[in-house]
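Please read the structure below before turning to the comments.
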Amino acid sequence: MSSNVLKYGIMGGTFDPIHIGHLVLAEEVRTKLGLDKVIFIPSGNPPHKNFKNVSAANHRYYMTLLATVSNPYFEVSPIEIERTGKAYTVDTIKLLREKYKDEVELYFITGADAILDLPNWKNPEELLELCKFVAATRPGFNFTKMEEGIKNIEEKHNKKIYTIFAPALKISSTDIRNRIKANCSVKYLLSESVEHYIYKNNLYI
Ligand code: ATP
Ligand code: MG
């Protein structure tokens, strides 16, 4: 590929809600790999999660917009939330590949837990052909286990997976939802605008 090929990061997630762990990870990968931008893609109907327990897609989309608006290198795509039925990552990446053709290289960004789950996703083989994968450390997830999981994927599919050491933020959407339910503060764990959005819309109570 020629040197004027653009590099886009793809940050997939349920983002229920989006928190600073997601933002720091995306920014770290963007700067370390020299990405031209990062596209956040909130999942529609997540195949791997019990859909009934996930907030409406429009709420997750708006919160993702609010959290990313101040970063000129961040974008949000409604590509998955607009799809009906189960939205698999491989189908999303196929659509993006068709859109960008050879002009853009795609880097799918994951945390340690997500990369270890990759073999259980739909068509991992095809997915690894369509985009590069970046795996980041995440507190609470064993690094040696992550390395082993990555090695297995690399050997099985003969592909390289990029490893990134992200600043350790032991934050999860699950913990934030539990805190709100328990009436505990979530200040500084997520963007202030997202915090206000959650309270205004009575989410997670
Ligand atoms: P939940 O608790 O609902 O599963 P989550 O905090 O894990 O939420 P997701 O939307 O499931 O957030 O994650 C999207 C992506 O971001 C995944 O690849 C996940 O590994 C990564 N990620 C989330 N939080 C962090 C964090 N604190 N550090 C590094 N990676 C993270
Ligand atoms: Mg998760």
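Whatever order the structure lists them in is the order used to number ligands and atoms, beginning at 1. Excluded from the calculations below are hydrogen atoms, water molecules and symmetry mates; all remaining heavy atoms, backbone and side chain alike, are included.
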If you take the centroid of each ring, where Trp contributes its six-membered ring, are [Y] and [X] closer together than 6.0 Å?
X    : Y    : result
H22  : F40  : no
F143 : F165 : yes
Y107 : Y8   : no

**OP:** Please work out which of G12, A114, G111 has its closest non-hydrogen atom nearest to atom 14 (C) of ligand 1.
**Re:** G12
Original post:
So which of H22, H19, R177, R138 gets nearest to atom 29 (C) of ligand 1, if we judge by its closest heavy atom?
Top reply: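 The option holding the nearest heavy atom is R138.
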Original post:
Between K170 and ligand 1, which part of the residue brings a heavy atom under 4.0 Å of the ligand: side chain, backbone, both or neither?
Top reply: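 Neither part.
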Number the atoms of ligand 1 from 1 as they appear, then name those within less than 4.0 Å of a heavy atom of [X], with their elements.
X    : value
L25  : 30 (N)
T137 : 29 (C)
G21  : 27 (N)
F15  : 10 (O)
G13  : 10 (O), 14 (C)
L169 : 26 (C), 27 (N)
S172 : 2 (O), 6 (O)
T174 : 1 (P), 2 (O), 3 (O)

Subject >> I171 N/O to ligand 1 N/O under 3.5 Å >> reply: yes
Subject >> Close N or O approach (I109, ligand 1; < 3.5 Å) >> reply: no
Original post:
Honestly curious: do Y188 and L25 fall in one hydrophobic cluster under the side-chain, below-4.5 Å linking rule?
Top reply: no
Original post:
Would M63 and L169 show up in the same hydrophobic cluster when neighbours are defined by side-chain heavy atoms closer than 4.5 Å?
Top reply: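 As far as the 4.5 Å side-chain criterion goes, L169 and M63 are connected within one cluster.
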Which atom of [X] lies closest to which atom of [Y], heavy atoms considered:
X   : Y    : result
P17 : S173 : O-OG, 2.8 Å
E80 : I41  : CG-CG2, 3.6 Å
M11 : A26  : SD-CB, 4.3 Å

**OP:** Could you tell me if any non-hydrogen atom of V24 lies under 4.0 Å from any atom of ligand 1?
**Re:** no
Subject >> Any D113 heavy atom less than 4.0 Å from ligand 1 >> reply: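 Yes, D113 has a heavy atom closer than 4.0 Å to ligand 1.
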Original post:
Taking the six-membered ring of Y73 as reference, does the NZ or CZ atom of R30 fall below 6.0 Å from its centre and within a 45° cone about the axis?
Top reply: yes
Subject >> Test item: side-chain donor near acceptor, D16 and Y204, under 3.5 Å >> reply: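 On atom types as modelled, these side chains qualify, holding a pair under 3.5 Å.
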